[in-house]
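Structure, as C-alpha cells:
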Amino acid sequence: MSSPFRKATRMLIFMCYVDCSMGELEVEKHANYILSVEKKKDDFESVVMEHLRINGAYWGLTTLDLLGKIDEVNSEEVVSWVMKCQHESGGFGGNIGHDPHLLYTLSAIQVLALFDKTNILDIDKVSNCILQHVFSYTATVTLWIHRIQAHIAGLQNEDGSFSGDMWGEVDTRFSYIAICSLALLHHLNKINVDKAVKYIVSCKNLDGGFGCTPGAESHAGQIFCCVGALAITGSLHHIDKNLLGWWLCERQVKSGGLNGRPEKLPDVGYSFEKCYVCYSWWVLSSLIIIDRVHWIDKEKLVKYILDCQDKEKGGISDRPDDAVDVFHTYFGVAVRIIWALHRLRSNHLGPRSTSFVDIERHTEVVPSSSGLSLLEYPGLKAIDPAYALPVDVVNRIFFGR
Amino acid sequence: MDSDEEDHRTPLSRRPEWSDVTPVRQNDGPNPVVPIAYREEFAETMDYFRAVYLADERSPRSLQLTSEAIHMNPGNYTVWQFRRLILEALNADLHDELDFIELIANDNSKNYQIWHHRRWVAEKLGTDAMSTELEFTKKIFFIDAKNYHAWSHRQALGGWEDELDYCQQLLEDDIFNNSAWNQRYFVVTKSPLLGGLEAMRESEVRYAVEAIIAKPENESPWRYLRGLYKDNAESWINDSQISSVCLKVLNSQINYIFALSMLLDLLCHGFQPGQEFKVAINALTSESDSPDSEFAKTVCSLLERVDPMRSNYWKWRKRTLPAQAV
C-alpha cells in the first residue's frame, strides 16, 4: 500500500476513535469539530480529499444541518463553489476543474438541496447529463461484455439484455444515484422507472439481499442502494422484508458491530480492519427503510462503540490495513459522527442511554406506509434513510414545506 | 510507492523535459470554503497535471505524469479519464496498460476507478482479453478472495469452463468465503455447460452438507442449501439429506443455531418432525426455557435463548408461526 494511503487509513482510524470519544462533548463542540475537520491541513486531505471534496462537503454539511448548525457556514460561498464544480455538460466534478461524475453530481444536488438552492440549476441539463453518464458507463461495460462474449457460442442471455438498453447492465449503485438525483430534481419521469425497478429486482438474491448485477453476491452497500432506490420509487413491495431483515440482522457479529456480508467470525473480540463502521450506515438505513431495525441488538451495538472508545490508545499504526477506498473512508467517518451525535442526543434525554432505543420507538410510532421510517430527536434533526438528507430538506423538496 | 522513493523523487520543476510548462495551481476561489493544504510533491504533480490537462496535451510525458499522479492518488477520476484520452491518442500498447493497472491494483484493489479503467482497456483489447482477465482476477483473489469488484469483473466475463473447480479450490482455501459460495451458485444456475440447477442439485446438496458438517456455524452453505431448492419447497422438506443434516448438527450440540433456524423454516413449510427431532430439541432445552406444547414454539424459544442478539427476530417468528407448523 502506498504511504499516502497508509497515512490516510491511519487518519481515518484516528478520526473514528476521536469520534467515538465524543460522547461527553457538547453539540457546540461537535459543530466546531466538524468544521475543524474540514479545515484540517495535513496529508490526509491533501492526497485524499481534493478530487472528492464535494462528497466531503456533502457529509460535513449534512451533519452540521442535523445539528442545527448549518447557519454557521456561509451558504453563498458554498453554493458558488459548488456551482464552479459544474461542467458545461451539466454534471459536477469532485472539485473545481475536475471531470464530472455521477457520484459528485448527486453530492452537488444534495448540497444545493440543503441550502434550498436546487432552483439555480438548469435542471433539464443536469438530468440529461445524469442520463448520459449512466449511459456511457453502461455502454463501456455492455460493449466490453458483448465483445468478449460474442465469440463464445450460445452464451447470449435469453432475455437479450445485451441490447444496449441503458438499464441493461447498469451497476445498481448507479441505479440508486440516478434515481435519487432525478427524484430530488423532480425529473424521475425522464427515465422508465418500471424498467429500472425491474432491473434492480433482477439483482435480488435468494438470501433476500441484492448485488451489483444479476447473480452478484449480496452486499450491505448494494442492498442500501437497491432498497433506497426501491423506496424512492415506491416499489418496496418487491422486497421480501422478512427474509432481507433476517439477513441484515445476521450481519451483527459478537462484538455488536455489523459486517457487510457473511464471513468468518473472529474468535476473540473484533478487528478494526473489517471497518464495520462503513457497513453500519448501510445495514441500519436498509433495516430502517424496511421497518426491521428492532431485530438487531441495540445494546450490543452501543457496546461496540464503547469498545472502540476503550481502544483509543491502542497501536493503530500496526494494523494491517485493507486497501481503503477513499470514498468509503470519509463516508465512514461521517457516519460515525452522525452516530455519535445520535448517542449524545439520547444521553441528553436522560437515563436511556442508547440512541437506538429511540430509533426503534420512532419506527414503531410512525406509520410506515410510505416505507420510510424516520429518525427524530428533539434538537437534532431527523435524517431520511433513503435520500440520506435531513427530513425537513426532503419534505421541502417534495411537499413544498 | 514507498516513502523512500518519494524522498528521492525529482521535483517536476527541476526536470528539463518539463521546463516549458507553467504549472497551474488549484483554484479554490478567493475564499475557499474548505481550504486544503496539499503536500508538496502531490501539489506539484497536480499543478503540472492541470497544465497539460488544460492544454489538452496528449503526449508521452503527459502519460508519464498521469502515472505519477495515479501512484500518489489512484482515486482521482479526472486523471484516469484524461489518461484514457492520451492512450487513445498515442495508440499506446494496451498490454503495457494492463501491467500498469496490475501494479496499481496490487495496492488498491478496491478502487472503483481502477476497475472501470480495466474494463475500458479489456474492451479495447477485445476477445484476447478473456484469458488475461480471468488470470488477473485470480491474482486479485490471491490477495483478497472476496474482492467485490473482481468478482463483478469475473462474472461479466462468463468464463464457465473450469469455474466450478475454481470455486472448489477457493472454498478449500476458505470454506467461509461467501463470494466463492455465491459464484458456485452463479455457475450451477447459469453455466450452459452443467445442465442447470435440477441436474446439479444432488451433487451440490452433498457438497453443501459436507461443508455444514465441517463448520456448522458457517452461514454460507446453509443459505446455499436453501438456494438449491429455489421455488421448490416441497422437495426441500421431503429431502432426507436436509432433515438429517439438521438433526446431525443438533445432536452434536455445538454451533447449532443455523440448524435450528433451518428446522424452523422446514416446520413452517409443513415438515413433520419425527421423534428423533423431539429428543434432540429436548436435549438442548434447559429448565429455564418456558415449556411449549407446540414443537415449533419450543424451537423459537430455544433460538431466542441461544441467539440473544436476534431475540426480537425469533420472538417475531414465534408470534407469526403459520398454522401448518406443528
Side-chain angles (χ1 to χ4, degrees), chain A residues 1-5 38-39 41-43 45-53 56-57 77-78 80-81 84 93-94 96-99 101 140-141 143-145 147-149 151-152 154-155 206-207 212-213 215-217 219 246 249-250 252 261-264 294-295 297 300 322-323 325-327, chain B residues 1-3 6 26-29 31 33-39 42-43 46 50 71-73 75-78 81 107-112 119-120 122-123 126-127 129-130 146 148 151-152 155-158 174 176 178-179 182 186 190 192 219-220 223 226-227 230 308-310 312-313 316:
Chain A
M1 174 174 291
S2 63
S3 73
F5 273 81
E38 298 246 299
K39 285 176 183 157
K41 299 174 195 294
D42 52 43
D43 285 349
E45 266 112 7
S46 72
V47 179
V48 168
M49 290 294 291
E50 190 217 348
H51 69 283
L52 45 69
R53 235 166 122 192
E77 271 181 20
V78 176
S80 95
W81 169 69
K84 278 185 198 150
I96 298 168
H98 283 242
D99 277 350
H101 191 274
T140 308
V141 177
L143 215 71
W144 174 63
I145 294 169
R147 202 178 281 194
I148 275 179
Q149 298 197 339
H151 77 296
I152 311 168
L155 285 193
L206 286 162
D207 52 23
C212 62
T213 47
E217 185 185 3
H219 184 288
W246 178 47
C249 73
E250 283 290 341
Q252 192 167 27
R261 47 186 163 155
E263 65 190 335
K264 195 175 196 166
H294 50 284
W295 283 358
D297 189 325
K300 279 257 185 183
D322 261 7
D325 181 291
V326 286
F327 180 67
Chain B
M1 195 186 299
D2 296 324
S3 44
E6 283 169 40
Q26 167 74 19
N27 175 14
D28 287 334
N31 295 304
V33 186
V34 272
I36 291 171
Y38 300 102
R39 210 181 47 187
F42 178 66
M46 290 312 292
R50 259 172 237 114
H71 266 294
M72 288 179 185
N73 180 10
N76 192 314
Y77 178 77
T78 303
Q81 185 74 8
D107 284 345
N108 303 280
S109 62
K110 289 185 178 172
N111 174 301
Y112 289 116
R119 288 193 172 186
W120 180 84
E123 193 277 313
T127 52
M130 180 77 169
K146 292 178 69 185
Y148 201 85
W151 278 114
S152 166
Q155 285 197 341
L157 288 164
D174 175 15
F176 288 88
N178 192 58
S179 306
N182 185 74
F186 184 73
K190 300 238 164 82
E219 181 179 344
S220 307
R223 301 255 183 208
R226 184 67 188 91
K230 174 191 173 198
M309 206 176 252
R310 280 161 278 276
N312 282 342
Y313 172 69
W316 172 82

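Residue numbering restarts at 1 for every chain, and letters A, B, ... go by the order of the sequence lines. Atoms considered below: every heavy atom in the structure, side chains included; atoms not considered: hydrogens, waters and symmetry mates.
Ring-plane geometry between B/Tyr313 and A/Trp246 is classed as parallel, the angle between the planes falling under 30 degrees on a 0 to 90 degree scale with a further cut at 60.
The shortest heavy-atom contact between B/Asn76 and A/His98 is ND2-CE1, 3.3 Å. Between A/His294 and B/Asn312 the shortest heavy-atom distance is O-ND2, 2.7 Å. Taking all atoms of both residues into account, the shortest heavy-atom contact from A/Glu217 to B/Asn178 is OE2-ND2, 2.8 Å. For B/Lys230 against A/Leu206, the heavy-atom pair with the smallest separation is CG-CD2, 3.7 Å. A pairwise comparison of heavy atoms in B/Lys146 and A/Pro262 identifies NZ-O, 3.1 Å as the closest pair.
Proximity to chain A (any heavy atom under 4.5 Å) is restricted, for B/Arg223, to the side chain, taken from C-beta onward.
Within the 3.5 Å criterion, the main-chain N or O of B/Ser179 finds no donor-acceptor partner in the side chain of A/Arg261. B/Gln81 places no side-chain N or O within donor-acceptor distance of the main-chain N or O of A/Asp99, the cut-off being under 3.5 Å. In this structure, the side chain of B/Tyr148 engages the main chain of A/Cys212 through a donor-acceptor pair within 3.5 Å.
Ranked by heavy-atom pairs under 4.5 Å with chain A, the list B/Arg226, B/Glu219, B/Arg310 is led by B/Arg310.
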